[in-house]
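Worksheet for the structure shown next.
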Amino acid sequence: MTSPSPIRDGFRQHVFGDAEFWVPERYINLEPKGGGAQGLVCAAVDTVTQQNVAIKKLSRPFQNVTHAKRAYREFKLMKLVNHKNIIGLLNAFTPQRTLEEFQDVYLVMELMDANLCQVIQMDLDHERMSYLLYQMLCGIKHLHSAGIIHRDLKPSNIVVKSDCTLKILDFGLARTAGTTFMMTPYVVTRYYRAPEVILGMGYTENVDIWSVGCIMGEMIRGGVLFPGTDHIDQWNKIIEQLGTPSQQFMVRLQPTVRNYVENRPRYPGFTFEKLFPDVLFPSDSSDHNRLKASQARDLLSKMLVIDPQSRISVDDALLHPYINVWYDEQEVNAPAPGPYDHSVDEREHTVDQWKELIYQEVMEYECAHAGRSTGGGGGTSSTGSGSAGGAQPSPAGNSEPNGY
Ligand code: AMP
């Protein structure tokens, strides 16, 4: 028999390889679920709410300025945003009791079943594919309504449940993100970044449409569309398939970038019928599927447009025939969250100042939610788990797709 795990101040220790979690005793049955650059995520059961939850440990989030900014921004935004297609915060705590001892932040979220990398591998029918895309667009639109333009949507940061519901996990790049340097053993995935991000141009909301187009294309093709090893390689992959962009686009580039881009070989690109031939689409046996395949291809051809000035907007994508079968006013136009103070993104602090700022945020959260629950470590607010809108909409009055 193994000895019981240690308890300290109402927090129990759980060990996974060389990682350890200290969480309030209310959380049991912890199991590792995944990990990113920020730390490990565990599934658990909350014995107070009887809910399955995900607990993400941010280990020493203030270890360097980049980590700290990201953790602080993510925490602030998770508290602010409340939409069924954006991950919501159920609880937050630190097991350390003083600023001097402060090390780790734990964020408790609704537990989802898989990330989109896993779902992309499956043969999705049109109903599931369009429903997943619709939810992505609703989540993105909601972020935009708070002035948050994501710019870094990717399948690993989108999670789904087996009932086909979807949530975006993170808030993308801060306005000043490009200027900081991060030492991390994790390779940053850039395959889904729009041309205007790769080429360092200005951007507007439809920068996020490019990423949705890449994700949709990958669902159909079953492989990454533009898997560049670096920005240059990625740009090549884009123009080889979509063709060299127009002069109108080139003149908006910074001189050095323009010089590089204009001196690449010229590619005519392929038609969308060639890039995404009929055989790649879900079974063509019915008229319904044939119609859907042509609508899907039409939407793709409007999203995967290099020049953002000619790319479809989020609003128009939501109205596209492939997507608008799911349209629900309360989901599409949920009340905007309070405005986000972007000065956070521009702030420069030392590591020690960040440590204090993050600690204050956690303490503030714990105080605001204390008393709402029994069992240590803050509250049981479940506001994040879906409040905008009621039941899922359905095409032709059916219920949501039956799982993926
Ligand atoms: P992150 O550290 O937020 O990038 O998450 C890393 C991975 O952990 C994701 O790609 C998911 O596989 C998993 N994950 C994160 N949050 C959740 C959640 N709320 N439910 C289920 N899995 C999650």
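Here the structure is a predicted model, which means the values were calculated and not measured. Along the sequence shown, residues carry numbers from 1. Atoms within a ligand are numbered from 1 in the order they appear, just like the ligands themselves.
Contacts between Ile87 and ligand 1, counted as non-hydrogen atom pairs separated by less than 4.0 Å, involve the side chain only.
For atom 18 (C) of ligand 1, the closest non-hydrogen atom of the protein is Ala54 CB, 3.5 Å. Closest to atom 14 (N) of ligand 1 among all protein heavy atoms lies Val41 CG1, 3.8 Å. For atom 15 (C) of ligand 1, the nearest protein heavy atom (residue, atom name, distance) is Leu169 CD1, 3.6 Å. Protein heavy atom in closest approach to atom 7 (C) of ligand 1: Gly35 N, 4.1 Å.
For Tyr203 and Trp210, the distance between ring centers is not under 6.0 angstrom. A ring-centre distance under 6.0 Å is found for His126 and Tyr322. Between Phe226 and Tyr191, the ring centre distance reaches or exceeds 6.0 Å. Between Phe62 and Phe102, the distance from one ring center to the other falls under 6.0 angstrom.
Close N/O approach between Asn115 and ligand 1 is found [any backbone or side-chain N/O within under 3.5 Å]. The distance criterion of under 3.5 Å between nitrogen or oxygen atoms is met by Glu110 with respect to ligand 1.
Interface of Asn157 with ligand 1, defined as ligand atoms under 4.0 Å from a residue heavy atom, comprises 4 (O). Close contacts of ligand 1 with Ser156, meaning ligand atoms under 4.0 Å from a residue heavy atom, involve 9 (C), 10 (O).
Residue Met112 holds the heavy atom nearest to atom 20 (N) of ligand 1 of all those in Lys57, Met112, Gln118, Lys154. Residue Lys56 holds the heavy atom nearest to atom 2 (O) of ligand 1 of all those in Glu74, Lys161, Lys56, Met109.
Both tests hold for Lys79 against Phe75: distance to the six-membered ring centre under 6.0 Å, angle to the ring axis within 45°.
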Inset, instruction - Before giving the answer on side-chain contact (heavy atoms from CB on, under 4.5 Å), spell out for Gln51 and Leu90 the whole-Å C-alpha distance, their side-chain angles and the decisive distance to 0.1 Å. - result: CA-CA 10 Å; Gln51 205 178 355; Leu90 301 176; 3.8 Å; yes
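With contacts defined as side-chain heavy-atom distances shorter than 4.5 Å, the pair Pro61/Tyr359 does not qualify.
For the atom pair CG (Leu137) and CG (Asp208), the distance works out to 10.0 Å, reported to the nearest 0.5 Å.
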